[in-house]
Amino acid sequence: MCGIAGWLSYQRDLEARAEVVDAMIGTLERRGPDDSGRWIGRHAALGNRRLSVIDLKSGHQPMTAESEDGTVVLVYTGETYNFTELRRELRSRGHSFRTESDTEVVLRGYLEWGVSVAERLNGMYAFTIWDGRTEKLHLVRDRLGVKPLFYYPTDDGVLFGSEPKAILANPLAERTVGLTGLRELFSYAKTPGLAFWEGMREVEPGTVVTADRSGIHARAYWTLRTMEHTDGLDATVGRVRELLDDITARQLVADVPRCTLLSGGLDSSTLTALAAGQLGRDGERVRSFSVDFRGYTANFVSDGIRDSPDAPYVRDLVAHCGSDHQDIVLDARDLADPALRAEVVAAYDFPPCVGDMNASLYLLSKEVRQHSTVALSGECADEVFGGYKWIHDAGAQKASIFPWLVQGAGDQTVDPFERAFNPDVEKALGLAEYARESYRSAVAGIERAPGEDDREFTMRTVSYLHLTRFMQLLLERKDRMSMAAGLEVRVPYCDHRLVEYVYNAPWSMKTADGREKSLLRSAAADVLPRSVSERVKSPYPSTQDPLYAAALRDQTRDLLARTNHPVFDLVDRGLLAAAVAEEGPATTQGSRSALERALDLGAWFDAYAPTVRPY
């Protein structure tokens, strides 16, 4: 796992701009704390910060291949889980290897198959190739968009980086945010390709972006397609288990300590149990880590989203599979620390505005990193198998808007922060209509399977929206918070083979036992304790400690005292003051969210001094 950055310029001599290239690479040190490298030619510069996971000694980047026609240079981040098979095939085709790394396999694969090498990769990856033979730069991103890759077109080329901060370190990139960026931030539906910063783009999942002297061109090498599902229920459950066994085995491969992130839910427990069985055959115990809050279990109150604390189910799973387990217990005051908020905002390069869940994930990642370099996470199983409560709500299924935005019957949406904008900003944003237009665009290309009835097609649509829009928000969060701590988090449920297979299984199979995630529950039944297998879906935990809300109010009072702070060009001061005045542990979730988001925005303005154009 690494961070990559670089610059293509056909009219400049980049060999004379090494200090700018180094500045771009240097912004990604947390993503790659183990090593740094760069390659600079006249028109192209590529750099890398490396987190060493496979072939620790000889996997240095950039990697190059020389020929009489020019140099081919690769910078790569992520993991290719089928690199052993690909290396074997490439050797049979005459290629030789200097290292044992998957990075060199991708480079040699490009020399053999061109950019079509992406179609042969199983993994999570983002990489850039400068082909000096053709003077073309290729930006490639994995099928599901697990690993990020941004680019910024210039007058004579392009800037690129794993995170916006790498691009913003180049003086050609302006720190400007327009109306589209703000809409994307607050609409809770990530539009593929769009980036928060004006002029910046994100390589879409499953896409190759090529820059040459004629401009920038994009080509999708993979999309989520409708295919006929011919397996019966028993065969489908069997195939899901077969895939999970293979995926887990592949993603446990590493030359560094690895572990699992365990919540006690069906998703992470399945991976932990499978990993325990596979490692146990070699006499090794799987390590597992959970996040908890001081006093959370003893004082837990159902909030309508979470029906139970995680800790009892974590204990059941640990006892069942024998993992070497550790709880990471966080304190409410630490979660509210302004310095921590600044680190979270810096990891994103924009104000994430989703509360303490980012902060706790970052602190969890930092602690896990003290023991392991690689962690397997249950992220995205809900999108793949249909786990969220709203997916099973009739109103959300029929609404003409993204299902996760529906609150209550019909297609009404409620966003507590929208009421905190200045009236002119709120009107200009038009978030409800923006979300509806985004929804219409998202559903336009969904294919109906032959003979598929209206009910099945409705649920196919719901699944498609979660896999292509909602899941991107979660993957972005997981990547930024873990990589800011130098922790590589692998997401087995994002294996494209599993996603394709389950996406095309009928909804009737996905709810065969009358509940959510029937296929996953059936596939993992033999490795889980009954309490975990039957547990109702519970999202990632959020602190309920009143000390956290009190700290938010104190910090917001300080922000309100800063009369000329630019955050109030967006946020309504009076409405924010009203949220601050809502004292005591009964602070509503809406008011707490308004405080958190205003503080995130304030920290972002302080760190980036952006130009914001909301009209």
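All values below were derived from every heavy atom in this structure, side-chain atoms included, with hydrogens, water molecules and symmetry-related copies excluded.
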So, [X] and [Y], do they make that salt bridge, N to O below 4.0 Å?
| X | Y | value |
| --- | --- | --- |
| Asp307 | Lys389 | yes |
| Lys190 | Glu202 | yes |
| Asp327 | Arg315 | no |
| Asp349 | Arg480 | no |
| Arg143 | Glu500 | no |
| Lys147 | Asp142 | no |
| Lys537 | Glu516 | no |

When you compare the side chain of [Y] with that of [X], does any pair of heavy atoms fall below 4.5 Å?
| X | Y | result |
| --- | --- | --- |
| Pro352 | Arg597 | no |
| Asp334 | Leu330 | no |
| Val443 | Ile446 | yes |
| Thr270 | Thr248 | no |
| Gln472 | Glu204 | no |
| Glu79 | Val146 | no |
| Val374 | Val256 | yes |
| Ile391 | Pro403 | no |

So, [X] side chain and [Y] main chain: donor-acceptor pair closer than 3.5 Å or not?
| X | Y | value |
| --- | --- | --- |
| Asp282 | Glu284 | no |
| Gln544 | Val301 | yes |
| Glu184 | Thr191 | yes |
| Asn504 | Met227 | yes |
| Asp246 | Glu242 | no |
| Asp393 | Gly395 | yes |
| His325 | Ser288 | yes |
| Arg285 | Ser323 | yes |
| Arg287 | Ala375 | no |
| Arg490 | Leu376 | no |

TODO: Please assess Arg341 against Asp600 for the test salt bridge (charged side-chain N to carboxylate O under 4.0 Å, His left out), listing each intermediate value before the final yes or no.
DONE: CA-CA 7 Å; Arg341 184 178 303 280; Asp600 277 0; 2.5 Å; yes
Task: Cationic tip of Arg477 above Tyr362 ring, under 6.0 Å, 45° of axis - done: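 Not flagged: Arg477 not positioned over aromatic ring of Tyr362.
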Task: Cationic tip of Arg469 above Phe402 ring, under 6.0 Å, 45° of axis - done: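 Verdict for Phe402: no cation-pi partner in Arg469.
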With no hydrogens and no angle check, do the side chains of [X] and [Y] hold a donor and an acceptor under 3.5 Å apart?
| X | Y | answer |
| --- | --- | --- |
| Asp102 | Tyr76 | yes |
| Thr236 | His229 | yes |
| Trp507 | Glu452 | no |
| Glu383 | Tyr388 | yes |
| Ser542 | Asp356 | yes |
| Tyr81 | Asp495 | no |
| Tyr493 | Ser377 | no |
| Asp513 | Ser518 | yes |

- [ ] Kindly determine whether Arg535 and Asp316 satisfy salt bridge (charged side-chain N to carboxylate O under 4.0 Å, His left out), including the steps that lead there.
- [x] CA-CA 11 Å; Arg535 186 187 182 190; Asp316 287 352; over 6 Å; no
TODO: For salt bridge (charged side-chain N to carboxylate O under 4.0 Å, His left out), just list the numbers for Glu343 and Arg30, CA-CA rounded to whole Å, side-chain angles, deciding distance to a tenth of an Å, and then say yes or no.
DONE: CA-CA 11 Å; Glu343 288 190 61; Arg30 288 193 174 189; 3.3 Å; yes
Open item on the list: Nearest 0.5 Å, please: how far is CG in Leu519 from CZ in Arg239?
Closed with: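 Arg239 CZ to Leu519 CG: 13.5 Å, rounded to 0.5 Å.
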Looking at every non-hydrogen atom in both residues, tell me the closest pair between [X] and [Y] and how far apart they are.
| X | Y | answer |
| --- | --- | --- |
| Leu431 | Phe186 | CD1-CB, 3.7 Å |
| Leu261 | Ser268 | O-CB, 3.2 Å |
| Ser162 | Pro148 | O-CG, 3.4 Å |
| His466 | Val462 | ND1-O, 2.8 Å |

Open item on the list: Applying the side chain to side chain contact (heavy atoms under 4.5 Å, CB included) criterion to Phe470, which one of Leu467, Leu473, Thr468 satisfies it?
Closed with: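 Among Leu467, Leu473, Thr468, the one meeting side chain to side chain contact (heavy atoms under 4.5 Å, CB included) with Phe470 is Leu473.
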TODO: Might you work through the side-chain contact (heavy atoms from CB on, under 4.5 Å) test for Leu552 and Arg592, ending with a clear yes or no?
DONE: CA-CA 8 Å; Leu552 292 180; Arg592 175 172 144 175; 3.8 Å; yes
- [ ] Could you please spell out the steps behind the side-chain contact (heavy atoms from CB on, under 4.5 Å) verdict for Thr373 and Leu51?
- [x] CA-CA 9 Å; Thr373 307; Leu51 176 65; 3.9 Å; yes
